[in-house]
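A quick write-up on the structure given underneath.
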Amino acid sequence: MEVGEGDKPLSSFGQPGQNVANATELEALSSLGGPDHDVYQIRFSQSPLAVGYREPTRLKITPSQQRILGEAADFLRTKQPKAGVAVTGLVVRLFREGKLGKGEVVIQGVDDDTGNARRFRVELDESDYKSAVRAHGTGLEVTATGDLDIRGTRRSLRRLTSFSVLPGLEDD
């Protein structure tokens, strides 16, 4: 309701909370009115197995609300960039056009946002690229911090704020 009235942005569907819908539920609710988005009513009631009692809720869903629900489902399925994500791991791929200049590396490691091990593409200036080549050749880990951009299965760190090679045991 609040999104449709302009009181809240569409991104409010992505806010964490206890009673939030997921993209699949929102898409289903947006489709119940059919291709013409006909007005429909739906009743939600509590399971008899649940503890306590809640009155059933009846909702009348208008065409504009159905469109908003569909847009919210799309929003939730689109990965939004996250700022200030740090990735630590090994450089597993190096690429640049010539002998000098910026280049792209792939870091296989863990990001501090999810804790999952993945591969991240990072574009580096010449100085940092040389450091990445050294780290790759010696098996040292690197750390990079920037904005995490996800497009399909491709993860990239953009707008880097830091890049460094972590010292190894032999450097102590």
Side-chain angles (χ1 to χ4, degrees), residues 2-4 6-31 35 37 64-172:
E2 294 169 331
V3 173
D7 295 336
K8 285 190 173 181
L10 188 65
S11 61
S12 64
F13 280 95
Q15 299 298 316
Q18 190 173 21
N19 297 319
V20 295
N22 63 41
T24 303
E25 294 166 338
L26 292 172
E27 184 175 351
L29 289 171
S30 76
S31 301
H37 299 290
S64 65
Q65 290 170 330
Q66 291 172 54
R67 282 190 274 285
I68 290 170
L69 292 168
E71 290 173 14
D74 291 341
F75 172 80
L76 291 176
R77 286 193 172 109
T78 303
K79 302 287 186 181
Q80 304 302 313
K82 295 180 183 175
V85 175
V87 173
T88 302
L90 296 173
V91 175
V92 295
R93 188 171 297 144
L94 299 156
F95 173 80
R96 73 173 165 187
E97 293 286 327
K99 290 186 176 186
L100 299 174
K102 65 183 180 181
E104 183 180 272
V105 302
V106 175
I107 301 170
Q108 183 168 322
V110 176
D111 72 74
D112 67 351
D113 186 49
T114 64
N116 293 331
R118 303 210 189 268
R119 289 184 175 214
F120 302 86
R121 295 180 188 281
V122 181
E123 190 172 293
L124 300 172
D125 63 25
E126 183 173 359
S127 172
D128 287 340
Y129 186 83
K130 285 181 180 178
S131 296
V133 169
R134 182 178 69 84
H136 178 71
T138 58
L140 294 175
E141 286 191 320
V142 298
T143 184
T145 303
D147 296 344
L148 178 61
D149 184 32
I150 302 173
R151 295 179 193 261
T153 60
R154 183 179 175 136
R155 288 171 160 64
S156 302
L157 281 184
R158 308 238 184 251
R159 295 169 293 286
L160 285 187
T161 55
S162 69
F163 177 83
S164 61
V165 178
L166 300 176
L169 296 175
E170 70 282 351
D171 293 343
D172 289 342

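These figures come from a predicted structure and were not determined experimentally.
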Under 3.5 Å: donor-acceptor pair, side chain of H37, backbone of Q66: no

Nearest-0.5 Å distance, CD1 of residue I68 to OG of residue S30: 11.5 Å

Side chain proximity check, V85 to K82, heavy atoms < 4.5 angstrom: yes

Salt bridge flag under 4.0 Å for residues D147 and R159: yes

Nearest heavy-atom neighbours spanning A23 and A73: O-CB, 3.5 Å

Close side-chain approach of L124 and F163, heavy atoms under 4.5 Å: yes

Polar side-chain atom of R96 near backbone of E104 as donor-acceptor pair, under 3.5 Å: no

Exam field: side chain Y129 to backbone E123, donor-acceptor pair closer than 3.5 Å: no

Note, L166 side chain near T88 side chain (heavy atom, < 4.5 Å): yes

Residue pair I107 / V122, side-chain heavy-atom distance below 4.5 Å: yes

Nearest heavy-atom neighbours spanning V91 and A132: CG2-O, 4.1 Å

Sole candidate of I150, D149, L148 that passes side-chain contact (heavy atoms from CB on, under 4.5 Å) when paired with F120: L148

Donor-acceptor pair, side chain of E25 and main chain of N22, under 3.5 angstrom: yes

Polar side chain donor-acceptor pair, T145 to S162, under 3.5 angstrom: yes

Main-chain N/O of G70 paired with R67 side-chain donor or acceptor, under 3.5 Å: no

R121 and L157: CA distance, side-chain angles, deciding distance, side chain to side chain contact (heavy atoms under 4.5 Å, CB included) verdict: CA-CA 6 Å; R121 295 180 188 281; L157 281 184; over 6 Å; no

Heavy-atom pair of closest approach, residues V165 and S131: CG2-O, 3.6 Å

Evaluation steps, side chain to side chain contact (heavy atoms under 4.5 Å, CB included), between V105 and R93: CA-CA 5 Å; V105 302; R93 188 171 297 144; over 6 Å; no

Closest heavy-atom pair and its distance - L90, L140: CD2-O, 3.7 Å

L29 CG to T24 OG1 distance, which is reported to the nearest 0.5 Å: 11.0 Å

